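To start, the structure itself, in C-alpha cells.
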Amino acid sequence: MMLKGLIFDLDGVLTDSATYHLQAWNELANRIGITLPPEANDALRGRSREDSLAVILAYGGQESRYTAEEKAAMAAAKNARYQELIKQMTPADILPGIVALLDAAQAAGLGLAIASASKNAPTILTQLGLMARFDGIVDPETLHRGKPDPEIFIQAAKTLGLAASEVMSFEDASAGVAAIKAAQQFAVGIGDAQVLAAADVVVPTTADLDFARLQQAFTAE
Ligand code: B16
Ligand code: MG
C-alpha cells in the first residue's frame, strides 16, 4: 500500500498545548479539593472536555456530587483559563521536527489532516501559522463519540478522500492511539513507549520523527 496522507492530533503532537490543558485542569481540580494523580497526564490527553471532567471527578470520588449545570460551569471555567494560557502561543511553539515533517510530506504530494478533539484547534493552528497547511480538519462538534472511539480518525481520512490503509496517524495519548488502531490505520505514537505500546511505531519526541524512516516502516507493515 502506498502512503498518501498524514493525520495529526494537535495537542501534544504539533505543539505542547497538552501542558496548558493539564495546568488548567489541575487548577480546577485543586479548587474542588481533588489532587490529580500522575497517570492523569495520559488519561486526560485526547479526551473531550466533558469526558476529561468526568475522569477528574472520578479521581476524587465525586462522580455524583454536581448537577449538569455545575459541571457545565466547571468545564466553561477550565476552558476560559485554557484560552487565557494559549493566547501567548506563536509559531515558535511548533514542536521540533514538525515543520520538517510537514515539508517532506507535502513535497511527496501527501494530503494532511487534523484529528483533534479540541474545539480550540482552529485558534491554535492559526496562532501557530499552520492553518493553511492542512487539507482537512475534523470539526469535533460533528462527532458522536470521543477518542478512543475511531470516529475522528475515520472522518479525517474521509476529508482526504483516502482509505484507512493509505494513511498514517500521529498521537501522543493512549486514548488516541487506541482510536487510530480501531480505525485500522497505521499509528505513530509520540511519547512513552510503554504507555503507547499499541502504536505501530513509537518515538520519544517529535524531534525523532523522520519522514523517510516512517515511510519505510509503513511500507514494511
Ligand atoms: P477543548 P487533541 C484534546 O486535543 C486534548 O488532548 C484534551 O486534553 C482536551 O480535553 C480535548 O482536546 C478537548 O479540548 O476543551 O479545547 O475542546 O489531543 O485531540 O488535539
Ligand atoms: Mg493529543
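We use all heavy atoms of the structure for the numbers below, so side chains are in, but hydrogens, waters and symmetry mates are not. Just follow the structure's listing: the first ligand is 1, and inside any ligand the first atom is 1. It should be emphasised that the depicted structure is a prediction, and the values quoted were computed from it without experimental measurement.
- Residue R45 has at least one heavy-atom neighbour below 4.0 Å for each of these atoms of ligand 1: 6 (O).
- Applying the side chain to side chain donor-acceptor pair (under 3.5 Å) rule to D149 yields the partners R145; only residues at least two apart in sequence or on another chain are considered.
- If you look at S118 next to ligand 1, the close heavy atoms, those under 4.0 Å, come from the backbone and the side chain alike.
- Only the side chain of H21 comes within 4.0 Å of ligand 1, counting heavy atoms alone; its backbone N, CA, C and O stay farther away.
- At a 4.0 Å heavy-atom cut-off, ligand 1 touches K147 through the side chain alone.
- Put simply, OG1 on T15 and CD1 on I98 are 9.5 Å apart, with the number rounded to the nearest 0.5 Å.
- Without hydrogens or angle criteria, E166 side chain to A163 main chain gives a donor-acceptor distance under 3.5 Å.
- Considering backbone and side-chain atoms together, S116 places an N or O closer than 3.5 Å to an N or O of ligand 1.
- Remark: minimum distance from atom 18 (O) of ligand 1 to any protein heavy atom is reached at D9 OD1, 2.7 Å.
- Residue A115 places no N or O, backbone or side chain, under 3.5 Å from any N or O of ligand 1.
- Scanning all heavy atoms of the two residues, the minimum distance from A29 to I56 falls at CB-CG2, 4.0 Å.
- Atom numbering of ligand 1 starts at 1 in the shown order; those under 4.0 Å from a heavy atom of S52 are 10 (O).
- Although no hydrogens or angles enter the test, the distance criterion places a donor-acceptor pair under 3.5 Å between the side chain of R45 and the main chain of N41.
- In terms of protein heavy-atom proximity, atom 6 (O) of ligand 1 is closest to G46 N, 2.7 Å.
- Not a single N or O atom of W25, backbone or side chain, sits closer than 3.5 Å to an N or O atom of ligand 1.
- Within a 6.0 Å sphere centred on CD of Q194, heavy atoms belonging to other residues, nucleotides or ligands number 12 at most.
- Backbone and side-chain nitrogen or oxygen atoms of N79 are examined, and none is located within less than 3.5 angstrom of a nitrogen or oxygen of ligand 1.
- In the vicinity of L10, heavy-atom distances shorter than 4.0 Å reach the ligand 1 atoms 20 (O).
- Checking each of T206, L112, L214, L95 against L101 for a side chain to side chain contact (heavy atoms under 4.5 Å, CB included) leaves exactly one that passes, namely L214.
- Taking hydrophobic clusters as Ile, Leu, Val, Met, Phe, Trp and Tyr residues chained together by side-chain heavy-atom distances below 4.5 Å, M89 shares a cluster with V99.
- At the top of the distance list for atom 4 (O) of ligand 1, counting protein heavy atoms only, stands D11 OD2, 2.7 Å.
- Taking CG from L143 and CG from D139, the interatomic distance works out to 7.5 Å, rounded to the nearest 0.5 Å.
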Scan the side chains in residues 175-186 for donor-acceptor partners under 3.5 Å anywhere in the protein, sequence neighbours excluded, and list what turns up.
from: K181; atom 1: NZ; to: Q185; atom 2: O; distance (Å): 2.9
from: K181; atom 1: NZ; to: D200; atom 2: OD1; distance (Å): 3.4
from: K181; atom 1: NZ; to: D200; atom 2: OD2; distance (Å): 2.8
from: Q185; atom 1: OE1; to: S169; atom 2: OG; distance (Å): 2.7
from: Q185; atom 1: NE2; to: F153; atom 2: O; distance (Å): 2.9

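- Under the side chain to side chain donor-acceptor pair (under 3.5 Å) criterion, E151 pairs with H144, sequence neighbours left out.
- Around the Mg ion (ligand 2), protein N, O or S atoms at a distance under 2.8 Å total 3; waters are neither shown nor counted.
- Note on ring orientation: taking the six-membered ring where Trp is involved, the planes of F134 and F8 are perpendicular (angle over 60°, cut-offs 30° and 60°).
- Nearest non-hydrogen protein atom to atom 7 (C) of ligand 1 is R47 O, 3.4 Å.
- The closest heavy-atom contact to atom 15 (O) of ligand 1, among the options E171, R49, K78, comes from R49.
- Distances below 4.0 Å separate heavy atoms of K119 from the following atoms of ligand 1: 1 (P), 16 (O), 17 (O).
- One N or O on the side chain of D210 and one on the backbone of R213 form a donor-acceptor pair closer than 3.5 Å.
- With respect to F170, the side chain to side chain contact (heavy atoms under 4.5 Å, CB included) criterion is satisfied by exactly one of L10, L6, V201, D9: L6.
- The closest approach between any non-hydrogen atom of A18 and ligand 1 is not below 4.0 Å.
- Without hydrogens or angle criteria, E70 side chain to T67 main chain gives a donor-acceptor distance under 3.5 Å.
- At a heavy-atom distance under 4.0 Å, only backbone atoms of L44 (N, CA, C or O) approach ligand 1.
- In terms of polar-atom proximity, defined here as any N/O pair under 3.5 Å, N120 does make such a contact with ligand 1.
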